[in-house]
Protein chains: 2
Amino acid sequence: MKEGPDIAYIAALIGDPARANILTALMSGRALTATELAAEAGVTLQTASSHLSKLDQGDLLHARRQGRHKYFSLANDDVAQLLEKLMGLAARSGHLRHQPGPKNAALRKARVCYHHLAGDMGVRLFDSMMARGYIRPEGEDLTLSNEGDGFATGFGIDVEALRLKKTPLCRECLDWSERRCHLAGSLGRAFLSRFEELGWAKRNQKTRIISFSRSGEKHFNQLVTVCTR
Amino acid sequence: MKEGPDIAYIAALIGDPARANILTALMSGRALTATELAAEAGVTLQTASSHLSKLDQGDLLHARRQGRHKYFSLANDDVAQLLEKLMGLAARSGHLRHQPGPKNAALRKARVCYHHLAGDMGVRLFDSMMARGYIRPEGEDLTLSNEGDGFATGFGIDVEALRLKKTPLCRECLDWSERRCHLAGSLGRAFLSRFEELGWAKRNQKTRIISFSRSGEKHFNQLVTVCTR
DNA sequence: TAAATGTTTCGATTACGATCGAACTATGAA
DNA sequence: TTCATAGTTCGATCGTAATCGAAACATTTA
């Protein structure tokens, strides 16, 4: 039994509390500096630096210098998905670090998951697009149908520009709170950006919570309900 | 950042090499005894016992006594899926424990993944069923269409009996080698059993490899190709 | 009953890695 | 230049957890 990928190596990287905190913080999708991540993880800068270089070596994250800052972000969607799956398992078997509280409820409703909308509202968006045939599964990835293209374009998203990029347009991502899929990929990100542009929603910089304004939520509900025919 | 599921706890469980070996061995879907798993992991029985109780406490596996033996298996499909995802990441970033060899090639072609068929052939079965509309995605799970029911029943699978069980009928499971989905769930298992019943394929008890006989593979190819209309 | 096999508990050893203070490098500002 | 901020490297300390020998416990077989 010494064949195959070395899962212990990757799992051990995630298995340290400080590193897990760092990775969780990066699930917001934003790139953070070493100092910020040290604070998130609750360790000194030296310790964080050591952790960050290990995570980098393991290809779990991506580092880029910018002046005297060094910004870190998750390496790719796969890492984010793995982390979500881990959260799902941990949550289901009751291994929470704190009791579910009001903050938790907000997280379950709408939160950032590596730049796209997750939680109850994320799942609702995904389901409605699936039900209307806007997106279709194709192997591991999803395809945006012509109708879906029209829908997104009509909503103010420059789908053509997204298609030119080499990152996948649509992907599905499993929610740990809902245990359902929500929309990821560059289109998923574009939707979240658009919600912010329109003033429907605002990201909380610290907590991954996305708060929708009252009217924003109303518009959102229309968006996912309308023309179910 | 102290909210949410404790991913470090779960990841650390998987992050020990001996425990990772144990979990990998259980990916075959078979229930194994403590002694067998100790051998797989390359540790003494005492050490394995300690690991097994930790994994059990973390709800990663399921233990059942039977006489003077104690059988262990993975707790559920979610654990298996998490492990597959981990393998995918580890493989993609090149963290293999050994060079890809002939054994690896066989693993990539057809192997057991928690009781169902994985690898190239697993993906082909999944794709053909998807293309013919036999299975359809629905949220996280998959639905078996009427045509799909007929197809499976015609192949000698007692779909009605499977439906009565409380475990999901169809699920998708991501392949680490193919990076595509193959069919999991009780129907996935039923297909593999049926292949064995018909003498098309045989499981290698040690390595997760599934070897198809020459005629078995021919039949299989017809099964996934026929009536693509 | 005794013997054999399978598994767990106990205790001691050991090794690895997380942590941080201190010193060092690098970039930007004054 | 000098100062300040950001990050890394070094070295020492410290804790925890993996490991295994030995012994206990459990269950089946003879």
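Per chain, numbering begins at 1; letters A, B, ... match sequence-line order.
- Per the geometry, CG belonging to A:Leu55 stands 12 Å off P belonging to D:dT8, to the nearest Å.
- Each of A:Gln46 and B:Tyr71 has a nearest nucleotide on DNA chain C; the 5'-most of these lies closest to B:Tyr71.
- Each of D:dC20, C:dT9, C:dC20 was ranked by its minimum atom distance to the side chain of B:Thr44; first place goes to D:dC20.
- One finds a side-chain N or O of A:Lys54 lying less than 4.0 angstrom from the OP1 or OP2 phosphate oxygen of C:dA18.
- Following rounding to the nearest Å, B:Arg65 (CZ) and D:dA26 (P) show an atom-to-atom distance of 9 Å.
- At the phosphate of C:dT8, OP1 or OP2 sits under 4.0 Å from a side-chain N or O atom of B:Ser49.
- Remark: B:Thr33, B:Ala34, B:Thr35 in residues 32-39 of chain B come within less than 4.0 Å of DNA chain C through at least one heavy atom.
- Minimum atom distance to the side chain of B:His69 is reached by C:dT7, of the listed C:dT7, C:dC20, D:dT19.
- When rounded to the nearest whole Å, the span between CD1 of B:Ile22 and P of C:dT7 equals 12 Å.
- The distance from atom CG of B:Leu45 to atom P of C:dT8 is 8 Å, rounded to the nearest whole Å.
- Here B:Ala48 lies out of heavy-atom contact (under 4.0 Å) with every strand.
- Between the A:Asn76 side chain and the A:Val79 main chain, a donor and an acceptor come within less than 3.5 Å of each other.
- Between B:Glu196 and B:Arg189 there is no salt bridge, since no side-chain nitrogen of the basic residue lies less than 4.0 Å from a carboxylate oxygen of the acidic one.
- Rounded to an integer number of Å, the gap from B:Leu52 CG to C:dT8 P is 7 Å.
- Ion pairing between A:Arg171 and A:Asp78 holds under the 4.0 Å rule for side-chain N and carboxylate O.
- Aromatic ring centres of A:Phe220 and A:Phe191: separated by at least 6.0 Å.
- For D:dT8, one of the phosphate oxygens OP1 or OP2 lies less than 4.0 angstrom from a side-chain nitrogen or oxygen of A:Lys70.
- Taking atom CG of residue A:Asn21 and atom C1' of nucleotide C:dT19, one finds them 15 Å apart after rounding to whole Å.
- Summarising the geometry, the separation between CG on B:Asp16 and P on C:dA15 is reported as 17 Å, rounded to the nearest angstrom.
- Between B:His51 atom NE2 and D:dT19 atom C1' there is a gap of 8 Å when expressed in whole angstrom units.
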(request) Please report the C-alpha distance between A:Trp200 and A:Arg194 in whole Å, then the side-chain angles of each, then the deciding distance to 0.1 Å, and finally whether the side-chain contact (heavy atoms from CB on, under 4.5 Å) criterion is met. (result) CA-CA 9 Å; A:Trp200 292 8; A:Arg194 191 78 182 117; over 6 Å; no

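- Remark: the B:Ser50 side chain and the B:Thr47 side chain contain no N/O donor-acceptor pair separated by less than 3.5 Å.
- Comment: B:Glu84 does not engage A:Lys85 in a salt bridge, judged by the lack of any side-chain N to carboxylate O separation of less than 4.0 angstrom.
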